[in-house]
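For reference, the structure discussed in these notes is given below.
It should be emphasised that the depicted structure is a prediction, and the values quoted were computed from it without experimental measurement. Chain naming here is simple, since letters A, B, ... match the order of the sequence lines and numbering starts at 1 in each.
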Amino acid sequence: MKKASVFDRLMEWFFRSRRDLPWRRDRSLYSVLVSEMMLQQTQVSRVVEYYGRFFKRFPTLETLAEASLNEVYQLWGGLGYYRRARLLHEAAKSLVKDIPRGEAWEKLPGIGKYTAAAVRAFVFNEPVAVLDANVKRVLARFRGVLSSHEKRLSELMQLLVCYGVKRGYEPRDVNEAFMELGALVCSKKRECMICPLHLACCTFLGGEERYLVVEKKNYLRVEERCAAFLRPDGKVWLVPSERWREGLWDLPLLRQRRGEALGGFALSYGVTNHRVMRHVEVFLVEDEKPDQEGRWEDVTGCSLALGSPAKKSLEMLCEFVAMLKNLPR
DNA sequence: AACTCGGGGCA
DNA sequence: TGCCCAGAGTT
């Protein structure tokens, strides 16, 4: 019998401490696909909120493939990076016709190097390295490799997966163990004292954070002006999102002024590397339609797919209107 | 390898 | 306001 190694300690820790996440109960192609697409650049806690709802509406790959894109966008509303919703829908339509093998997974829409590896390891249990931001951070600290050396880290993870398989572990478990360690123990703030790897860890033994390379991002400030055309019955004019957020609905950009100008308000939101200041001008109009194609929607109970800026704008519009009513005129 | 894609939450 | 997060696609 082999002596318990540091590696075994990691795996014991993993089997004892891993989180019970919805998409881990059933590692089917569909559940892994949906969860991985949602998890791209998105935190686990946020995905948990959306995953169940999405699964309830589209329980199988086929139901998703047959759905309309607008329905998919609606369930995605608020999750961000809406292109993922379209790409997931396209991937589903492709997958009901043909399931790829091996590296061909990367050719599917929305599925890159990471997600392809995740599907291969988690669904098909292939011995491939799944290298996400968590695993990169863990390996960089553990083996003393700069986190920017992606190729080196990728090779290292591949070795670890093979080593794990030789010791009798499954590829999906080895990959998930490193990922989970990065999420629960070796996160930005590391907790070395509870880490199953710490006795062999370059960073713990060295005592300093030396291997994480952080690149500085530049944040651009942007301004945008929108118009809220409000009817006396509380409906507001919404249009298909312009420029960005394809498939969602929003207030129109300010190009025309009509009716009675009631003033306005401003809000700010961040997106990727931008900080946007949105000014909303409110106009009280009768039934006449603005020039642009759109729909009258209730300010409070809008049934269209909205992004966060649109939701926030409508919320503030409600408050704005309420405030006006309390003013003597 | 670097850049953009335009998200959302959090401290 | 800056930063993080189970990245992908393009040049």
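Among the protein residues, A:W23 comes within range of the nucleic acid bases, having at least one heavy atom under 4.0 Å from a base atom. If you check every strand for non-hydrogen atoms under 4.0 Å, A:V135 touches nothing. Residue A:A133 is classed as a sugar-phosphate contact, given heavy-atom separations below 4.0 Å to backbone atoms only. A:R137 comes within contact range of the sugar-phosphate backbone alone, with a heavy-atom separation under 4.0 Å but no base atom that close. Base engagement by A:Y269 is indicated by at least one non-hydrogen atom pair under 4.0 Å involving a base atom.
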For nucleotides 9-11 of chain C, print each protein N/O atom paired with a nucleotide N/O atom at under 3.5 Å, atom names and distance only.
{"residue": "C:dG9", "atom": "OP1", "partner": "A:G110", "partner atom": "N", "Å": "2.5"}

Return the polar atom pairs (N/O with N/O) between nucleotides 9-11 of chain B and the protein under 3.5 Å, or none.
none

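Residues meeting the salt bridge (charged side-chain N to carboxylate O under 4.0 Å, His left out) test with A:D173, sequence neighbours left out: A:R18. With sequence neighbours excluded, the residues forming a salt bridge (charged side-chain N to carboxylate O under 4.0 Å, His left out) with A:R255 are A:E242, listed by chain and number. Legend: residues meeting side-chain contact (heavy atoms from CB on, under 4.5 Å) with A:L199, ordered by chain and number and at least two apart, are absent. Contacts of A:R57 classified as salt bridge (charged side-chain N to carboxylate O under 4.0 Å, His left out), with partners at least two apart in sequence or in another chain: A:E71.
Using P as the reference atom, B:dG7 and C:dT10 are 16 Å apart when rounded to the nearest Å. Comparing B:dA11 with C:dA6, their C1' atoms sit 22 Å apart, to the nearest whole Å. Here the separation of C:dC5 from B:dC5, taken at their C1' atoms, is 16 Å to the nearest Å.
Nucleotide C:dA6 holds its P atom 9 Å from the CE atom of A:M179, rounded to whole Å. The distance from atom OH of A:Y51 to atom C1' of C:dA6 is 14 Å, rounded to the nearest whole Å. Computed from coordinates, the A:Y81 OH to C:dC5 P distance equals 13 Å when rounded to whole Å. Whole-Å rounding puts the A:L33 CG to C:dA6 P distance at 19 Å. Note: CG (A:L39) to P (C:dC4) measures 19 Å, nearest angstrom. The CG-P distance, from A:D250 to B:dG7, rounds to 12 Å in whole Å. Atoms CG (A:D132) and P (C:dC4) sit 15 Å apart, rounded to a whole Å.
If you look at A:Y169 and A:F7, their ring centroids are closer than 6.0 Å.
OP1 or OP2 of C:dA8 lies within a sub-4.0 Å distance of a side-chain N or O belonging to A:T115.
With no hydrogens or angles considered, no side-chain donor-acceptor pair links A:E209 and A:T203 at under 3.5 Å. Under the 3.5 Å distance criterion, with hydrogens and angles disregarded, a donor-acceptor pair is assigned to the side chains of A:Y163 and A:R167.
Checked against A:Y30 for a ring pair (Phe, Tyr, Trp, His ring centres under 6.0 Å), the options A:F54, A:F58, A:F55, A:F122 give a single hit: A:F55.
A salt bridge links A:E170 to A:R172: one of the charged nitrogens lies within less than 4.0 Å of a carboxylate oxygen. Under 4.0 Å is where a charged nitrogen must lie from a carboxylate oxygen, and between A:K235 and A:D233 no such pair does.
Of the candidates B:dG7, C:dA6, C:dC5, the closest approach to any side-chain atom of A:K188 belongs to C:dC5.
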